[in-house]
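Beneath this line is the structure, given in structure tokens, with notes to follow.
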Amino acid sequence: MLRKIKYLSLLLAVSFSICSCEKVIDVELNTSPNQLVIEGNITNKLGMQTIKISQSVAYTEPNDYPAVQGAVVNVTDDQGSSWIFTESTPGSYTFGAFKGEPGRTYSLKVNINNVLYTASSTMPDSVGIDSLDVKVFNFGSEKQKQAQVHYKDPAGIANQYRFVLKVNGFQSRSVYSENDRFTDGNNVPSVMFFNGKNDDDDELKTGDNVEVEMQCIDKNVFTYWNTLSQQSQNGPGGGVTPGNPPSNISNDALGYFSAHTVSKKEMVVK
């Protein structure tokens, strides 16, 4: 009995010692230098084509990306055509109106303070949305509505897609991308789970206006969006540390340059 009392006393003393030896440690967070961010899109729709240029900020700072002004921006294609983009608003460089052509390769050159950034992207053939409807999921006694897009994947051709979902004008925070690795030549139904402004806004409601844009993208651009998609599914708390997705732009710039086709459809949820 005496031995048990001594053991308990020793255990309490050790526990007290551990609890009373807590030390406050100041962790220094390393912040990487700002990097150039380029977001460039050339589409097959006649209209203004836009290249946006900004700088990244540390993750400890607000998501207010400073515009990069005074850049020289030029786009060419493999047929010898050339377009010089002008700065319409700070950090936004535009040329219009013109449209890209499927099958052509477009090259981007951005010169900032005599530093050259380059990228290229080949516009795939167009695949359009056949229809848009609502997929209903049953969770016990509750039902949840989500958008579902239908399209026909061309057989024998490697295809990659990105989708942009907007509900009542708000773009979903999720990234939607897929390829035809397992659906080559099939009629494909694809569900897009809406990610709204808050957790109570992650499903469709009667009367909602839904718009889906389908983009046919090349392999490098797919890698960019697919990496972002995987990170959004697994972080935060999912065990994956977010990182910069692989860019198709040279000189360690962030972002992407995409020549892609566009197909859009809208619906009102019933």
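Given the structure is predicted, the values throughout are model-derived calculations rather than measurements. For the numbers below, each heavy atom of this structure counts, side chains included, while hydrogens, waters and symmetry mates do not.
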Would you say the side-chain atoms of [X] and [Y] include a donor-acceptor pair closer than 3.5 Å?
X      : Y      : value
Ser121 : Asp218 : yes
Gln144 : Glu142 : no
Gln160 : Asn179 : no
Asp153 : Asn186 : no

Subject >> Nearest atoms (heavy-atom pairs only) where Gly255 meets Ser247 >> reply: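 Nearest heavy atoms, Gly255 then Ser247: O-OG, 2.7 Å.
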
Original post:
Which pair of non-hydrogen atoms, one from Asn251 and one from Val115, has the smallest distance, and what is that distance?
Top reply: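 Looks like ND2-CG1, 3.4 Å.
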
Sequence neighbours left out, what pairs pass salt bridge (charged side-chain N to carboxylate O under 4.0 Å, His left out) with at least one residue falling in [range]?
range            : answer
residues 37-53   : none
residues 258-270 : Glu213-Lys264
residues 69-80   : Asp77-Arg104
residues 174-195 : none

Subject >> Pairs satisfying side chain to side chain donor-acceptor pair (under 3.5 Å), at least one member in residues 123-132, at least two apart >> reply: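 Listed once each, the pairs would be none.
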
Original post:
How would you list all residue pairs meeting side chain to side chain donor-acceptor pair (under 3.5 Å) that involve residues 106-118, not counting sequence neighbours?
Top reply: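 Every pair satisfying side chain to side chain donor-acceptor pair (under 3.5 Å) with a residue in residues 106-118: Thr118-Ser250.
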
Is the closest side-chain heavy-atom distance between [X] and [Y] below 4.5 Å?
X      : Y      : value
Lys145 : Thr206 : yes
Val68  : Gln55  : yes
Ile53  : Val37  : no
Val127 : Pro154 : yes

Check: [Y] main-chain N/O paired with [X] side-chain donor or acceptor under 3.5 Å:
X      : Y      : result
Ser263 : Ile129 : yes
Gln35  : Asp252 : yes
Glu203 : Gln146 : no
Arg162 : Tyr176 : no

What pairs with [X] under ring pair (Phe, Tyr, Trp, His ring centres under 6.0 Å), at least two apart in sequence or on another chain?
X      : value
Phe98  : Trp83, Phe95
Tyr93  : none
Tyr161 : Tyr151

Original post:
If two hydrophobic side chains count as joined below 4.5 Å and joins carry through other members, does Phe170 share a cluster with Val149?
Top reply: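 Yes, because Phe170 and Val149 connect within a single hydrophobic cluster, where side-chain heavy atoms sit under 4.5 Å apart.
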
Subject >> Nearest-0.5 Å distance, CZ of residue Phe193 to NZ of residue Lys135 >> reply: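 The CZ atom of Phe193 sits 9.0 Å away from the NZ atom of Lys135.
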
Subject >> Approximate separation, where rounding is to 0.5 Å, of Leu228 CG and Asn244 CG >> reply: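 One gets 9.5 Å once the value is rounded to the nearest 0.5 Å.
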
**OP:** Kindly write out the residues that satisfy side-chain hydrogen bond (donor to acceptor under 3.5 Å, both in side chains) with Thr261, not counting sequence neighbours, or none if the list is empty.
**Re:**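 Not a single residue meets the side-chain hydrogen bond (donor to acceptor under 3.5 Å, both in side chains) criterion with Thr261.
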
**OP:** Just jot down the side-chain hydrogen bond (donor to acceptor under 3.5 Å, both in side chains) partners of Asn74, sequence neighbours excluded, or say none.
**Re:**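 Testing Asn74 for side-chain hydrogen bond (donor to acceptor under 3.5 Å, both in side chains), a comparison that skips the adjacent residues, returns Ser82.
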
Original post:
Please, which pairs that meet ring pair (Phe, Tyr, Trp, His ring centres under 6.0 Å) have at least one residue in residues 245-264, sequence neighbours excluded?
Top reply: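 Listed once each, the pairs are Tyr224-Tyr256, Trp225-Tyr256.
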
Subject >> Other residues, nucleotides, ligands: >12 heavy atoms within 6.0 Å of Lys143 NZ >> reply: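 Open.
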
Original post:
In terms of heavy-atom contacts, does NZ of Lys152 have more than 12 from other residues, nucleotides or ligands at under 6.0 Å?
Top reply: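 Yes, NZ of Lys152 has more than 12 neighbouring heavy atoms, counting only those of other groups under 6.0 Å.
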
**OP:** Have a look at Val73 and tell me which of Leu108, Thr94, Thr86, Ile38 forms a side chain to side chain contact (heavy atoms under 4.5 Å, CB included) with it.
**Re:**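 Testing Val73 for a side chain to side chain contact (heavy atoms under 4.5 Å, CB included) against Leu108, Thr94, Thr86, Ile38 leaves exactly one candidate, Leu108.
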
